[in-house]
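Notes for the one structure printed next.
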Amino acid sequence: MALTAARNHFLFFCFVQCSVHCGTMETCLEEGVKLQKKTKEEKKLLRKQLKASHTLLKHEGIDTVLIPTKSLVVANGGLGNGVSREQLLEVLEQCGSLRAVLMPPNKPYAFVTYQSVDAAQLAHKTLNGRQLDTEHQQVTLYLNFVEEVGSVVWQGQELPPGLKVVEEFLSPEEEMRLLGAIDWGSHSNTDTAQKALKHRQVKHYGYEFRYDNNNVDKNKPLPGGLPMFCNEVLDRCLKENLIKVKPDQLTVNQYQPGQGIPPHIDTHSAFEDTIISLSLGAKTVMDFKHTDGRSISVVLPARSVLVMTGESRYLWSHGITPRKFDVVPVGDAEKASIVSGDSGDLTLHKRGTRTSFTFRKVRRTPCDCAFPSVCDSQSSPGDPSSPSVPQSDRDASCLENEFVHKVYEEIASHFSSTRHSPWPRVVDFLQSLPTGAILADVGCGNGKYLGLKQDLFAVGCDRSRNLVDICGERSFQVLVSDALEVPLRSGICDACISIAVIHHFSTKERRLAAIKELVRLLRPGGKALIYVWAMEQEYNKQKSKYLKGKKVNQEEGSAQRPEQTADHLGHSTSLASNHRPAGKEVKDCPLTRQNMSTLSVHTNRTAFHSQDLLVPWHLKSSAPRDKNVGKSLGSADICPIFHRYYHVFCEEELESLCGEVENIAIQTSYYDQGNWCVILEKKSE
Amino acid sequence: MKLITHNMLTSHVKGVTKGYPLLIKATEVQVSEVEFNPEFLSRMIPKLEWGVLVQAADSLGHLNDLPNELAPEHEKDEEFLRRVHRVLLEV
């Protein structure tokens with residue numbers, strides 16, 4: 001039986017009045033069997049019909065009755081089975097005149113109420129076991145009586161504030177002309193930027209929209225500007241007051257049936273208020289979601305223009321669920337409408353290839369919208385997703401907990417898989433140590449330096465439990481420990497290394513304390529090697545491998561990569577906030593943030609613009625995600641982004657910091673592939 | 001955790017002047033062989049807290065006849081070094 005209890009986010013807007021039972025179904029069934037001899041086929045049908053009624057009761061709370069009524073529940077005859085309203089009506093009407101047919105969205109059943117009990121009885125008798133061919137499968141209908149079907153009065157839904165859909169904005173000729181103007185075949189055109197995303201094809205004009213930072217390079221317009229063929233339409237938009245200024249950026253998306261776009265808010269700082277989008281070729285259903293959970297699905301007919309301004313542009317996310325059929329209201333195909341839960345008025349629409357032209361105006365000043373909670377231009381006090389440079393030790397500790405410790409815990413496995421090439425000059429330092437030397441690697445990560453020299457005793461520590469566990473699996477001697485409080489005896493180490501660790505401390509005091517802790521561990525004459533990420537990613541006219549990472553092979557194996565190699569592009573979530581996997585709530589960190597500058601989010605593989613920043617990590621999950629989850633999101637190309645806090649060091653900053661530590665001498669300092677490095681020696685008492 | 005690592009641990013609780021030796025609560029004691037390196041051992045032994053090692057080894061039932069006091073010229077005694085090797089690196 002193909003009846004499945006499809007659980008989904010749509011509310012179920014039908015209810016069925018409970019009936020007074022007359023004995024159990026089983027006893028009635030037995031009586032029925034006794035009364036008339038049934039064929040094997042009939043018995044099978046009866047069994048399935050009974051099972052359907054059980055399933056409906058169990059999963060949907062629909063109580064079926066045995067006494068004939070005017071109403072029936074038609075198991076497998078639902079929109080969720082791919083049965084359209086038209087198809088179902090055709091079958092149901094054979095048995096008599098109908099009063100109502102309710103098809104709740106996405107459910108594997110429907111309700112029918114006939115004008116008379118006789119008609120309902122006829123349907124019950126003749127349609128049970130009837131097979132229907134849908135697009136994907138053949139379904140078998142099972143009908144059971146229900147006491148009464150009521151429909152909750154649908155409260156009229158309104159479009160999100162600021163949203164407008166203008167039907168028939170384009171003539172069919174204009175539609176053809178615009179569609180014909182886009183050449184999906186050529187990739188060599190330098191005036192545009194084209195990408196085949198996993199779930200759709202996309203072309204950019206005016207400015208390239210970058211899916212890594214969900215923004216545009218405002219200083220790098222594409223040479224062609226907006227194409228001429230848009231002028232007529234844009235002029236009309238201006239004339240009809242849909243837009244106030246002429247847009248300068250165009251993104252053309254092409255969606256095949258089954259493709260979609262994940263819910264997103266266009267980055268506030270990237271574009272001005274009004275965004276307009278033409279729908280060409282076929283209609284689709286766009287889902288708008290408010291942060292409070294409200295969700296409104298809007299039909300965008302072909303040749304319509306969607307206008308998003310104000311709240312609908314800034315606060316509501318919009319997206320297209322990847323699927324081949326949409327549940328739409330019955331009626332005029334060219335009409336824009338809200339897909340309500342009115343199950344008396346819904347049917348299925350098969351998607352066709354839809355092309356959208358989205359016009360936006362690149363923003364030149366920071367966004368000052370009225371929705372700071374989702375605005376990347378506006379810092380929002382108390383929102384841990386837009387943290388500031390800490391002022392107190394407590395703030396610093398909170399920041400590091402949220403944007404260093406927790407992040408490494410989450411990304412440990414993926415992080416570790418990108419960290420297996422030891423940096424050559426660190427190896428040199430380790431090789432210079434004598435047999436029997438004691439080495440502490442404070443912030444050892446996945447332990448790639450712990451097993452490099454066999455005749456050392458190497459002990460590692462890291463703040464991340466998951467990374468320490470990875471080391472443990474490699475049989476290294478490791479501890480979970482904060483670099484400010486390493487539980488090792490003072491003066492026991494012949495050498496310490498701190499590779500890419502101290503830049504994660506968010507105040508100067510804490511960075512200094514981390515160096516002092518290394519020195520505490522050293523014996524007199526012992527040496528510490530410290531690497532921190534450099535603000536200067538271009539030094540002596542040489543770009544670091546981090547900057548060059550885009551051109552070189554981004555897969556594993558390059559000798560030295562202080563950062564993640566492959567930026568995982570191709571996703572298009574552009575919510576300004578830090579993305580976290582579902583279920584992981586961001587705990588409020590009681591940061592005091594008066595007069596603080598908000599940390600900016602760095603764009604991977606570009607030069608740094610400030611010393612204190614958040615660096616995105618695009619998590620690629622090695623473990624296969626739950627199939628169903630992946631499917632329902634329809635977005636294998638979405639990966640959660642984690643932001644790690646960094647303080648990148650300027651030239652001589654590391655040396656000057658070390659200068660504040662007593663009892664040491666800087667033996668040497670150097671620049672190595674985008675990192676500042678020192679070797680310290682602890683003086684004899 | 002190897003006993004050599006244990007030998008280097010201390011409590012970092014503030015106000016504690018001597019944070020070691022840390023008491024061991026072993027849930028499972030394993031012995032796994034490691035390559036013997038006499039030079040490594042003879043250089044390592046002077047850095048150890050010998051008393052801590054003896055106490056820890058004893059508590060695990062792996063004292064392996066280690067003496068309470070280090071003998072002079074122990075670094076030339078290979079049999080002794082092998083016993084230290086076992087306790088320090090293999091338990």
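Just so it is clear, the model here is predicted, and its values are computed rather than measured. Below, all heavy atoms of this structure are taken into account, side chains as well, without hydrogens, waters or symmetry copies.
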**Asked** Should B:I4 and A:V459 count as side-chain neighbours, where that means a heavy-atom distance under 4.5 Å?
**Response** no
**Complete:** If one checks every heavy atom of B:T5 against chain A at 4.5 Å, the contacting part turns out to be both
**Complete:** Sorted by chain and residue number, the ring-ring contact (aromatic ring centres under 6.0 Å, His included) partners of A:H503 (sequence neighbours excluded) come out as A:Y646
**Asked** In this structure, are over 12 heavy atoms from other groups packed under 6.0 Å from A:R474 atom CZ?
**Response** yes
**Asked** In terms of heavy-atom contacts, does CD of B:E35 have more than 12 from other residues, nucleotides or ligands at under 6.0 Å?
**Response** no
**Segment of A:I438 engaging chain B (4.5 angstrom heavy-atom cut-off)** = both
**Asked** Under 4.5 Å, heavy atom to heavy atom, which residues of residues 40-47 of chain B contact chain A?
**Response** B:F40, B:R43, B:M44, B:K47
**Request:** Please identify each residue that fulfils ring-ring contact (aromatic ring centres under 6.0 Å, His included) with B:H6, with sequence neighbours left out.
**Result:** none
**Item:** Contact winner vs chain B - A:V486, A:V478, A:D494, heavy-atom pairs under 4.5 Å
**Value:** A:D494
**Item:** side-chain contact (heavy atoms from CB on, under 4.5 Å) between B:N37 and A:Q454, intermediate numbers included
**Value:** CA-CA 10 Å; B:N37 180 342; A:Q454 291 299 324; over 6 Å; no
**Item:** Gap separating the CG atom of A:L488 from the OG1 atom of B:T10, nearest 0.5 angstrom
**Value:** 8.5 Å
**Complete:** For A:F505, the ring-ring contact (aromatic ring centres under 6.0 Å, His included) test, sequence neighbours excluded, returns none
**Request:** Could you tell me whether A:E662 atom CD has more than 12 heavy atoms of other residues or ligands within 6.0 Å of it?
**Result:** no
**Prompt:** With no hydrogens and no angle check, is any side-chain donor or acceptor of A:Q477 less than 3.5 Å from a backbone partner on B:K2?
**Reply:** yes
**Item:** Residue part contacting chain A, namely of B:E49, when any heavy atom lies under 4.5 Å
**Value:** both
**Message:** Can you confirm whether B:E39 sits close enough to A:D455 that some side-chain heavy atom of one is under 4.5 Å from a side-chain heavy atom of the other?
**Reply:** no
**Asked** Below 4.5 Å, heavy atoms only, C-beta onward: do A:R489 and B:N7 meet side chain to side chain?
**Response** yes
